[in-house]
**Student:** 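One structure, as structure tokens, below. Some questions next.
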Number of protein chains: 2
Amino acid sequence: MYQHKLEKDIRCPLEYGLEIFGGKWKSRIICVLAKKDVLRYSELRKEMGNITDAVLASMLKELIQNQMIERHSYDEIPPRVEYSLTPKGQSVVPILQSICKWSGIYYREDSENTMIQCQKCDYKE
Amino acid sequence: MYQHKLEKDIRCPLEYGLEIFGGKWKSRIICVLAKKDVLRYSELRKEMGNITDAVLASMLKELIQNQMIERHSYDEIPPRVEYSLTPKGQSVVPILQSICKWSGIYYREDSENTMIQCQKCDYKE
DNA sequence: CGGGATCCCATAGGATACTG
DNA sequence: CAGTATCCTATGGGATCCCG
């Protein structure tokens, strides 16, 4: 029969890190929160561009599980929920910026190797 | 009808970087090559653990396309092909190590926050 | 030896509708 | 407002066999 390995088999801290902030949306969420400090759900969604609720909510859940962000809900009507980075989440921002800087160098090699400003993580040089 | 966006839409250098060394295998390949300098195809596969040929070959292709690694084939019998990092590939190694270091801190928080040695990228402290 | 071809599956991510 | 629920699909990655 067909046999797949279902273990996550993270064999190296590197894989752990890439699991936590890899993928299409997580690093972006972290960058946006790093820039804005505290954001409500709807503000966050607006900053993210064309992400859907289903996806945004599941990303937030995973980031919370990994203790990268915090959720504060206020008992008001209409409801208010605010998200912010934890210390662990903040500690990864320099890494994301270094990736951003590295990528900026090679982003378009056909042009003149000019640095690109990143709107989200706010890296520029 | 059902309409998916098929554009890759990389909107930020950060995404470019994660595309290049993200995923399950690419960062590992880079780390192994950083440690060993030059490896034949079969040596590389052995170092990688349980990767299959189909996957390894496709990862190598993408890494070559992105100019992270170089392929040198020698006209011998039996054939010999060697892989090594390009300068661009080498330049990303410090980033991978910083991810590895960061991850090591949070890797298992239930234990005593001890650093973990990474066999592949050779990070230790 | 160094892969390619083919087939397959699991999962991340997306569309749409709906709710406390 | 801040999400769930449901359904769907595209893609990364894996298994197996084959070939110059």
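Since this is a predicted model, take the numbers as computed values, not measurements. So that the names make sense, note that chain A is the first sequence line, chain B the second, and so on, each numbered from 1.
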**Student:** In whole Å, I'd like the distance from the CG atom of A:L44 to the C1' atom of D:dA2.
**Tutor:** 12 Å
**Student:** Judged by each residue's nearest nucleotide on DNA chain C, which is more toward the 5′ side, B:S42 or B:A54?
**Tutor:** B:S42
**Student:** Do any side-chain nitrogens or oxygens of B:Y83 fall under 4.0 Å of OP1 or OP2 in C:dG3?
**Tutor:** yes
**Student:** Just how far, in rounded Å, is P of C:dG3 from CE of B:M59?
**Tutor:**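 After rounding, the gap between these two atoms is 15 Å.
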**Student:** Name every residue in residues 73-80 of chain A that has at least one heavy atom under 4.0 Å from any atom of DNA chain D, in order of residue number, or write none if there are no such residues.
**Tutor:**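 Within residues 73-80 of chain A, the residues near DNA chain D are A:P78, A:P79, A:R80.
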**Student:** I need the CD1-C1' distance between B:I51 and C:dG2, as an integer number of Å.
**Tutor:**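 From B:I51 CD1 to C:dG2 C1': 14 Å.
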**Student:** Using the test salt bridge (Lys or Arg N to Asp or Glu O under 4.0 Å), find all partners of B:K61 that sit at least two apart in sequence or belong to another chain.
**Tutor:**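 Scan of B:K61 (salt bridge (Lys or Arg N to Asp or Glu O under 4.0 Å), adjacent residues dropped) gives none.
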**Student:** How would you list, by chain and number, every residue that makes a side chain to side chain contact (heavy atoms under 4.5 Å, CB included) with A:E62, sequence neighbours excluded?
**Tutor:** A:K26
**Student:** List in chain and number order the residues that pass side chain to side chain contact (heavy atoms under 4.5 Å, CB included) with B:T86, two or more places apart in sequence or in another chain; answer none if no residue qualifies.
**Tutor:**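 With sequence neighbours excluded, B:T86 shows a side chain to side chain contact (heavy atoms under 4.5 Å, CB included) to B:E70, B:K88, given in chain and number order.
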**Student:** For Watson-Crick and G-U wobble pairs within 3.5 Å on both distances, what is DNA chain C written in dot-bracket notation, | included for inter-strand pairing?
**Tutor:** ||||||||||||||||||||
**Student:** Between D:dA2, D:dT4, C:dG3, which nucleotide has the shortest distance from any of its atoms to the side chain of A:D53?
**Tutor:** D:dT4
**Student:** Please report the distance, rounded to the nearest Å, between CG in A:L56 and P in C:dG13.
**Tutor:**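 Going from A:L56 (CG) to C:dG13 (P), I get 12 Å.
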**Student:** Below 4.0 angstrom from OP1 or OP2 of D:dG14, is there any side-chain N or O of B:K24?
**Tutor:**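 The answer is yes; a side-chain N or O of B:K24 sits under 4.0 Å from OP1 or OP2.
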**Student:** Checking contacts here: which listed nucleotide (C:dG4, C:dA15, D:dG3) is nearest the side-chain heavy atoms of A:Y41?
**Tutor:**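 Shortest atom-to-atom distance from the side chain points to D:dG3.
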**Student:** Who are the salt bridge (Lys or Arg N to Asp or Glu O under 4.0 Å) partners of A:E82, not counting sequence neighbours?
**Tutor:**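 Expected list: A:R80.
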**Student:** Can a side chain N or O of B:W25 be found less than 4.0 Å away from OP1 or OP2 on D:dG14?
**Tutor:** yes
**Student:** Among pairs that include at least one residue of residues 58-105 of chain A, which meet ring-ring contact (aromatic ring centres under 6.0 Å, His included), considering only residues two or more places apart or in two chains?
**Tutor:** A:W102-A:Y106
**Student:** To the nearest Å, give me how far apart CG (B:N50) and C1' (D:dA15) are.
**Tutor:**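 Answer to the nearest Å: 12 Å.
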**Student:** Could you pull out the closest heavy-atom pair between B:S103 and A:Y16, with the gap in Å?
**Tutor:** CB-CD2, 3.6 Å
**Student:** Does A:R45 place a side-chain N or O at less than 4.0 Å from the phosphate oxygens OP1/OP2 of D:dG3?
**Tutor:** no
**Student:** Closest-nucleotide mapping onto DNA chain C: is A:V55 or B:K61 further toward the 5' terminus? I mean the 5' end.
**Tutor:** B:K61
**Student:** Taking side chain to side chain contact (heavy atoms under 4.5 Å, CB included) as the definition, give me every residue that meets it alongside A:E43, ordered by chain and number, with sequence neighbours left out.
**Tutor:**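 Partners of A:E43 under the side chain to side chain contact (heavy atoms under 4.5 Å, CB included) test: A:L39, A:R40.
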**Student:** Of all the heavy-atom pairs spanning B:S84 and B:D37, show the shortest one and how long it is.
**Tutor:**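 Residues B:S84 and B:D37, closest heavy atoms: CB-O, 3.3 Å.
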**Student:** Where is the tightest heavy-atom contact between B:S91 and B:P94, given as atom of each residue plus distance?
**Tutor:** O-CD, 3.5 Å
**Student:** Rounding to an integer number of Å, can you tell me how far A:M48 CE sits from D:dG3 C1'?
**Tutor:** 16 Å
**Student:** Could you walk me through whether A:R28 and A:E47 pass the salt bridge (charged side-chain N to carboxylate O under 4.0 Å, His left out) check?
**Tutor:** CA-CA 9 Å; A:R28 179 170 296 272; A:E47 290 288 327; over 6 Å; no
**Student:** Figure out the CG/P separation between B:L63 and C:dG3, and round it to whole Å.
**Tutor:**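 Value for this atom pair: 13 Å.
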**Student:** Rounded to whole angstroms, how far apart are CD on A:E47 and P on D:dA2?
**Tutor:** 14 Å
